[in-house]
Amino acid sequence: MAAQKGKDLLVKIDMTGSGTFMPFAGLRASKISFNAQTVDITNMASAGGWRELLAGTGVRSATISGSGVFLDDATDERARMYFFDAEIPEFQVIIPQLGTLRGPFQITALEYAGDFDGEATYDITMASGGELTFVSDL
């Protein structure tokens, strides 16, 4: 795979609950992390005393984080509404040359900052809140 532009990693938010996804305006940096807990089944009979894990078990999760500048009142207002109402809307993440991730995420952190001689910025963190689907571009 050739190098990809970071700006092509898009985080999109469902603006109306109808599956209409819009890019989260003003994002400058975004990141998605996938996590999986393990189930340790190591016992006295484990070969050589090496840890053994139980396949197909554990809790899987994903976290989306990003930071940006204010450019769009509608997506900022929607994000605040989702945070304060503790809703878990659908999000999409476009991962360049790999595919599209879609599923429910809850906004778990929303931070605002600004310096006297600079622009106002925001940081956002979202945690998966249900099953995620991935459609590959490959």
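These numbers were taken from a predicted model, which means no experiment stands behind them.
Tracing side-chain contacts under 4.5 Å through hydrophobic residues (I, L, V, M, F, W, Y), one never reaches Leu9 starting from Val135; they form parts of separate clusters. Phe83 and Met81 fall within a single hydrophobic cluster, where Ile, Leu, Val, Met, Phe, Trp and Tyr side chains are chained together by heavy-atom contacts under 4.5 Å. If you chain together hydrophobic residues whose side chains sit under 4.5 Å apart, Leu10 and Tyr82 never meet in one group. Cluster membership for Phe34 and Ile94, using ILVMFWY side-chain heavy atoms within less than 4.5 angstrom, is not shared. No continuous path of ILVMFWY side-chain contacts below 4.5 Å connects Val59 to Leu54, so the two sit in separate hydrophobic clusters.
Formation of a donor-acceptor pair under 3.5 Å by the Asn43 side chain with backbone atoms of Ile41 is found in this model. Not a single donor-acceptor pair under 3.5 Å links the side chain of Ser61 to the backbone N or O of Ser128. Side-chain atoms of Ser67 never come within 3.5 Å of backbone atoms of Thr121 as a donor-acceptor pair (strictly under, hydrogens ignored).
Inter-residue side-chain proximity for Ile64 and Ser33 is flagged as unmet; no heavy-atom pair is nearer than 4.5 Å. Within the 4.5 Å cutoff, no side-chain heavy atoms of Phe105 are placed close to those of Val93. The closest side-chain heavy-atom distance from Phe134 to Ile95 is below 4.5 Å.
Shortest non-hydrogen contact noted between Tyr122 and Val69 is CE2-O, 3.5 Å. Across all their heavy atoms, Gly103 and Leu132 have their closest contact at CA-CD2, 3.6 Å. In terms of heavy-atom proximity, Arg78 sits nearest to Ile13 at CG-CD1, 3.8 Å. Minimum heavy-atom separation, Gly19 to Arg102: CA-NH2, 4.3 Å. Looking at every heavy atom in both residues, Ile88 comes nearest to Pro104 through CG2-CB, 3.6 Å. Contact between Thr42 and Arg51 at its shortest, heavy atoms only, is OG1-CA, 3.1 Å.
How far OG1 of Thr133 is from CG of Leu101: 6.5 Å, rounded to the nearest 0.5 Å. Once rounded to the nearest 0.5 Å, the distance linking CG of Leu98 with CG of Asp137 reads 7.5 Å. Atom CD of Gln106 is separated from atom CE of Met126 by 11.5 Å, given to the nearest 0.5 angstrom. Taking CZ of Arg60 as the reference point, atom CD of Glu131 lies at 8.0 Å (rounded to 0.5 Å). Separation of atoms OG1 (Thr63) and NZ (Lys31) is listed at 9.0 Å; rounding is to 0.5 Å.
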Task: Test log, rule side-chain contact (heavy atoms from CB on, under 4.5 Å), inputs Val11 and Phe21 - done: CA-CA 9 Å; Val11 177; Phe21 291 93; over 6 Å; no
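Ser46 and Glu52 share a donor-acceptor pair across their side chains, judged by distance under 3.5 Å alone.
Within 6.0 Å of CZ on Arg80 lie more than 12 heavy atoms contributed by other residues, nucleotides or ligands. Counting heavy atoms of neighbouring residues, nucleotides and ligands inside a 6.0 Å radius, atom CG of Asp73 does not exceed 12 of them. Taking a 6.0 Å sphere around CD of Glu87, one finds it holds more than 12 heavy atoms contributed by other residues, nucleotides or ligands.
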